[in-house]
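Written out below as structure tokens is the structure these notes cover.
Note that the numbering runs from 1 along the sequence shown for the chain. Whatever order the structure lists them in is the order used to number ligands and atoms, beginning at 1.
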Amino acid sequence: MRIGVLTGGGDCPGLNAVIRAVTKSLLRQCGAEVIGIRNGFAGLMGEVPLTRPLDWDSVSGILMQGGTILGTSNKANPLASEASAAQAMANARALGLDALVAIGGDGTMAIAHGIAQRGLPVVGVPKTIDNDIVGCERSFGFDTAVATVTEAIERLQTTGQSHGRVMIVETMGRYAGWIALEAGLAGAADVILLPEIDYSVEAVARICREREQRGRHSLICIGEGAKPHGGALTIERQVADSPDPIRLGGVAHALREQLQPLLDSEVRATVLGHVQRGGAPTPFDRVLATQFGNEAAQLLMTGQFNRMVTLQCERLASLPLAEVAHQSRQVPLDHPLLRTARQIGVSLGEDS
Ligand code: F6P
């Protein structure tokens with residue numbers, strides 16, 4: 001067998017751990033030849049494919065490295081036209097690929113599904129710090145992002161406390177509030193604002209005022225996709241040639257503007273941005289990514305193609321790519337962590 005491996009979409013901690021595990025598992029168990037495709041699907045779209053061989057030594061020592069040794073692209077989409085799809089399939093044939101392992105988010109799974117429909121067997125491995133892949137209760141990269149945000153919140157807590165300020169910290173996560181929710185709870189935020197629950201500016205101000213009166217600073221953790229009642233998403237930029245052109249960002253500054261006139265304390269905003277995507281994966285993410293990579297190899301070796309590795313009820317499983325493409329998984333409104341937050345007095349920005 002000759003297997004191609006690529007990483008697509010935005011990077012996240014743990015990608016190299018998957019590349020390592022899938023390669024070692026295939027080399028050791030079936031003697032397959034493993035070929036790394038560089039820069040995501042872009043590596044299959046040029047006149048000449050961009051590759052690098054993946055042998056035992058080239059994947060040794062990368063378990064704990066952030067980023068991806070293969071490079072990635074969140075713009076390249078071979079399905080954008082019939083010509084680019086044909087070019088990608090021709091490159092896959094020229095490389096002699098029997099199958100492809102596509103490691104990525106919902107966009108990458110959608111492309112992988114399209115490639116599979118054109119005849120190249122594919123196995124998908126979900127990745128994202130956002131933890132928003134349908135059918136997968138935990139994606140690697142998420143734990144690391146939560147740890148990074150939690151540390152940032154702790155730092156903002158101490159400086160906020162010194163100055164008696166209202167500190168707002170904005171997390172990534174797109175349209176899902178998983179990072180803000182878990183890191184907000186872990187960092188002892190007073191208010192957690194999520195894309196899933198539109199917030200009341202007055203309700204947030206009320207909490208901060210009550211705390212001001214007790215001489216307390218406040219910490220607000222807000223997901224980038226959150227918005228006020230009747231308000232709109234805060235869009236940082238549009239990336240025209242990306243399959244998902246909207247880049248969220250800046251809602252912390254918008255909230256600062258809304259809150260400041262209602263409070264005596266100074267309100268300050270911090271947007272964490274890509275610091276959440278970088279760096280070494282946590283031990284949890286290293287283990288999960290290693291399991292996902294090995295499971296992808298098992299699916300390949302047993303001919304279970306056009307499926308994505310997943311984690312359901314804490315067990316490894318797989319789902320048809322068609323069921324996960326182009327979708328995202330938000331925090332359900334009856335999620336136990338929301339109940340916990342409310343019951344211990346963390347505000348979710350709701351009118352009480
Ligand atoms: O999907 C991962 C993610 O980091 C989101 O949380 C964020 O909105 C987006 O990617 C940022 O994308 P880019 O790196 O293209 O700005």
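- There is no side-chain donor-acceptor pair under 3.5 Å between D57 and S60.
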Please report the C-alpha distance between E295 and S318 in whole Å, then the side-chain angles of each, then the deciding distance to 0.1 Å, and finally whether the side-chain hydrogen bond (donor to acceptor under 3.5 Å, both in side chains) criterion is met.
CA-CA 9 Å; E295 190 65 13; S318 69; over 6 Å; no

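- Between E137 and R315 there is no salt bridge, since no side-chain N of the basic residue sits under 4.0 Å from a carboxylate O of the acidic one.
- G105 does not count as a contact of ligand 1, since none of its heavy atoms falls under 4.0 Å from the ligand.
- Taking only nitrogen or oxygen atoms, main chain and side chain alike, L248 does not reach within less than 3.5 Å of ligand 1.
- The closest side-chain donor-acceptor pair between N294 and S25 falls under 3.5 angstrom.
- There is no side-chain donor-acceptor pair under 3.5 Å between E202 and S200.
- When each atom of ligand 1 is checked for a heavy atom of G173 under 4.0 Å away, the hits are 6 (O).
- Taken to the nearest 0.5 Å, the OG1 atom of T310 stands 9.0 Å off from the CD1 atom of I133.
- Of all atoms in ligand 1, listed by their number and element, those nearer than 4.0 Å to a heavy atom of E224 are 5 (C), 6 (O), 7 (C), 8 (O).
- Ligand 1 places these atoms under 4.0 Å from at least one heavy atom of N74: 15 (O).
- Remark: minimum distance from atom 9 (C) of ligand 1 to any protein heavy atom is reached at R277 NH1, 3.9 Å.
- For atom 6 (O) of ligand 1, the nearest protein heavy atom (residue, atom name, distance) is D130 OD1, 2.7 Å.
- Residue Q276 does not touch ligand 1, judged by heavy-atom distances below 4.0 Å.
- Contact annotation for V239 and ligand 1: no heavy atom of the residue comes within less than 4.0 Å of the ligand.
- In terms of the side chain to side chain contact (heavy atoms under 4.5 Å, CB included) criterion, residue partners of V287 (sequence neighbours excluded) are, by chain and number, Q291.
- Contact atoms of ligand 1 toward R247: 12 (O), 13 (P), 15 (O), 16 (O) (distance under 4.0 Å to a heavy atom of the residue).
- Residue contact check: H274 has heavy atoms under 4.0 Å from atoms 13 (P), 14 (O), 16 (O) of ligand 1.
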Which side-chain N or O atoms in residues 181-189 pair as donor and acceptor under 3.5 Å with protein atoms at least two apart or in another chain?
residue	atom	partner	partner atom	Å
E182	OE1	R138	NH2	3.3
E182	OE2	R138	NH1	3.1

